[in-house]
Amino acid sequence: MNESTKTNLMGMTREELAGFFVAHGEKPFRAVQVLKWIHQRGITDFAAMTDLTKGLRAWLSEHAEVRAPEIVMTQAARDGTHKWLLRLDDGNCIETVFIPEEGRGTLCVSSQVGCALDCSFCSTARQGFNRNLTAAEIIGQLHAARGHLQPEEGQSRVVSNVVLMGMGEPLLNFEPVVAAMSLMLEDNAYGLSKRRVTLSTAGVVPALDRLRETGLQVALALSLHAPNDALRDQLVPLNRKYPIADVLAACRRYVGNGGHHSRVTVEYVLLDGINDSQAQARELAALLRDVPCKVNLIPFNPFPESRYRRSSGAAIDRFRDILVQAGYTTITRRPRGDDIDAACGQLVGRVEDRSRRVMRFAALENPPGAAPP
Ligand code: SAH
């Protein structure tokens with residue numbers, strides 16, 4: 001906390017950093033130099049930033065810092081998935097997941113501490129909502145993960161893709177999420193292609209339009225989960241505010257924007273006996289007829305006291321076949337890292353409850369099955 005008077009440069013976009021340097025009588029190009037040190041080389045100590053003048057390095061050490069959330073626990077799943085518990089300054093913790101696949105590595109990033117949407121099948125919802133993450137805390141997850149994954153020589157891109165599919169609803173934390181995504185895309189920072197950065201939303205319609213207006217053109221995923229409003233109202237309460245027709249219209253505007261010929265990824269968690277019938281598959285196929293999209297079917301991942309069951313393999317295959325026959329690219333997402341509760345909808349972090357702070361810290365310092373960070 002003694003550092004709190006220093007300006008944290010971690011979450012600053014190139015424009016913000018340039019403004020910061022100009023305000024202190026420096027040239028704007030310092031922003032590019034510092035971005036490269038922080039985000040490309042993972043350096044947080046100003047003394048090591050050798051292309052800055054000695055005077056500037058000293059001044060920065062006194063007035064600024066480069067700080068990411070601290071990794072307090074690491075778990076590795078049998079399939080190579082990693083999950084990190086990251087502690088924030090106020091004692092809250094969030095989770096970040098790394099999923100290695102053939103030819104790519106995807107980092108699943110959180111945008112809020114907890115979540116306010118209260119979707120009935122998601123364990124993050126059980127935590128309630130505590131607060132939004134700052135841009136530094138969002139991009140800091142990528143910074144920390146990259147530092148931790150230690151690429152082999154010449155392999156700069158262990159993390160080739162980022163999905164905002166961790167804890168929280170990214171479109172309810174708009175500015176920090178946009179700032180963090182612009183650093184993901186920024187050539188002098190992470191330089192990821194815009195097709196490899198995906199924002200997933202339950203469908204906050206006005207914010208979806210604002211996202212389109214930023215021109216960032218990141219890939220979009222929509223958590224749909226039901227083929228009609230009556231059922232979606234139950235599963236995703238946000239639907240009562242922004243019903244399916246409005247959400248799909250906003251998605252069409254988003255992907256139709258200025259030659260941005262992408263498709264929305266429609267996410268659909270398959271819940272046994274709830275949304276997985278053949279009739280519902282046909283209803284979904286009809287619903288999506290005018291939406292440029294592909295469909296990701298997600299077998300439900302259970303968590304303690306969840307009231308749903310995963311659909312059977314046969315039901316999942318039948319559901320997929322109906323969508324494929326209707327012409328949709330449809331894939332069934334393989335549950336990853338489920339032995340360490342790192343799969344979709346299983347991220348819970350530690351949402352601070354002040355009255356029980358001491359107890360929770362004790363639990364954190366000696367977590368079951370933890371490997372040292
Ligand atoms: N709030 C955003 C970002 C979270 S993304 C959104 O809703 O898109 C997390 C994804 O995992 C969403 O598609 C979510 O619906 C899905 N999910 C949540 N709980 C799940 C569970 N128990 N099993 C499988 N997928 C789940």
Side-chain angles (χ1 to χ4, degrees), residues 81 83 94-97 99 106-129 132-133 138 141 161-174 176-177 180-181 197-205 207-208 211 218-226 231-232 234-239 241-242 244 247-248 250-251 254 264-272 274-276 293-311 316 319 331-338 341-349:
T81 299
K83 182 169 82 166
I94 51 169
E95 292 183 329
T96 304
V97 176
I99 306 150
T106 302
L107 193 72
C108 179
V109 164
S110 295
S111 58
Q112 298 181 312
V113 181
C115 188
L117 294 185
D118 205 25
C119 298
S120 61
F121 50 85
C122 180
S123 65
T124 303
R126 297 297 176 88
Q127 307 291 302
F129 173 71
N132 282 326
L133 295 182
I138 300 169
Q141 296 169 60
N161 296 56
V162 176
V163 293
L164 279 124
M165 294 187 187
M167 299 166 66
E169 168 50 51
L171 289 184
L172 292 179
N173 184 19
F174 195 83
V177 161
M181 290 192 307
V197 174
T198 302
L199 182 143
S200 179
T201 181
V204 187
V205 170
L208 206 42
L211 181 66
V218 293
L220 180 67
L222 171 68
S223 292
L224 187 61
H225 311 313
L231 181 57
R232 194 164 191 265
Q234 301 306 311
L235 301 177
V236 183
L238 182 70
N239 197 67
K241 187 156 187 194
Y242 304 115
I244 292 176
V247 173
L248 292 182
C251 289
Y254 187 85
V264 187
T265 300
V266 170
E267 299 168 276
Y268 195 102
V269 175
L270 284 165
L271 307 166
D272 181 37
I274 305 284
N275 66 354
D276 64 348
C293 68
K294 54 191 173 196
V295 182
N296 263 8
L297 299 176
I298 313 174
F300 172 66
N301 294 307
F303 51 90
E305 290 164 50
S306 54
R307 58 182 130 132
Y308 301 109
R309 284 184 316 259
R310 180 178 291 182
S311 302
I316 294 173
F319 202 94
I331 62 159
T332 305
R333 204 181 277 172
R334 201 155 45 94
R336 295 295 305 263
D338 48 353
D341 292 343
C344 302
Q346 293 185 317
L347 302 190
V348 293

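When a ligand or atom number is given, it counts from 1 through the structure's own listing order. The analysis underlying the following values was restricted to heavy atoms, covering all of them including side chains, and did not include hydrogens, waters or symmetry mates.
Residue S123 has no N or O atom closer than 3.5 Å to an N or O atom of ligand 1. Here's the thing with G168: one of its N/O atoms is less than 3.5 angstrom from an N/O atom of ligand 1. Residue F121 places at least one N or O, backbone or side chain, under 3.5 Å from an N or O of ligand 1.
Residue, atom and distance of the protein heavy atom nearest to atom 19 (N) of ligand 1 are G345 CA, 3.0 Å. Ranking protein heavy atoms by distance to atom 21 (C) of ligand 1, first place goes to C344 O, 3.3 Å.
Remark: among candidates Q112, M165, H225, E267, the nearest residue to atom 14 (C) of ligand 1 is H225, based on non-hydrogen atoms. Among E169, Q346, R310, R333, the residue whose heavy atom sits closest to atom 2 (C) of ligand 1 is E169.
Neither the backbone nor the side chain of L222 comes within contact range of ligand 1; no heavy atom lies under 4.0 Å.
By the 30° and 60° cut-offs, the orientation of the rings of F319 relative to Y268 is tilted.
When each atom of ligand 1 is checked for a heavy atom of I298 under 4.0 Å away, the hits are 24 (C), 25 (N). Near N301, meaning under 4.0 Å from any of its heavy atoms, are these atoms of ligand 1: 21 (C), 22 (N), 23 (N), 24 (C). The C122 neighbourhood of ligand 1 comprises atoms 18 (C), 19 (N), with distances under 4.0 Å to a heavy atom of that residue.
Ligand 1 has G166 within reach: a non-hydrogen atom of the residue lies less than 4.0 Å from it. Within the 4.0 Å heavy-atom shell around ligand 1 one does not find M167.
When every heavy atom of S111 is checked against every heavy atom of N173, the shortest pair comes out as O-ND2, 2.9 Å. Here the shortest heavy-atom pairing between L199 and L164 reads CA-CB, 4.2 Å.
Atom CG of residue L222 and atom CD of residue E267 lie 7.5 Å apart, to the nearest 0.5 angstrom.
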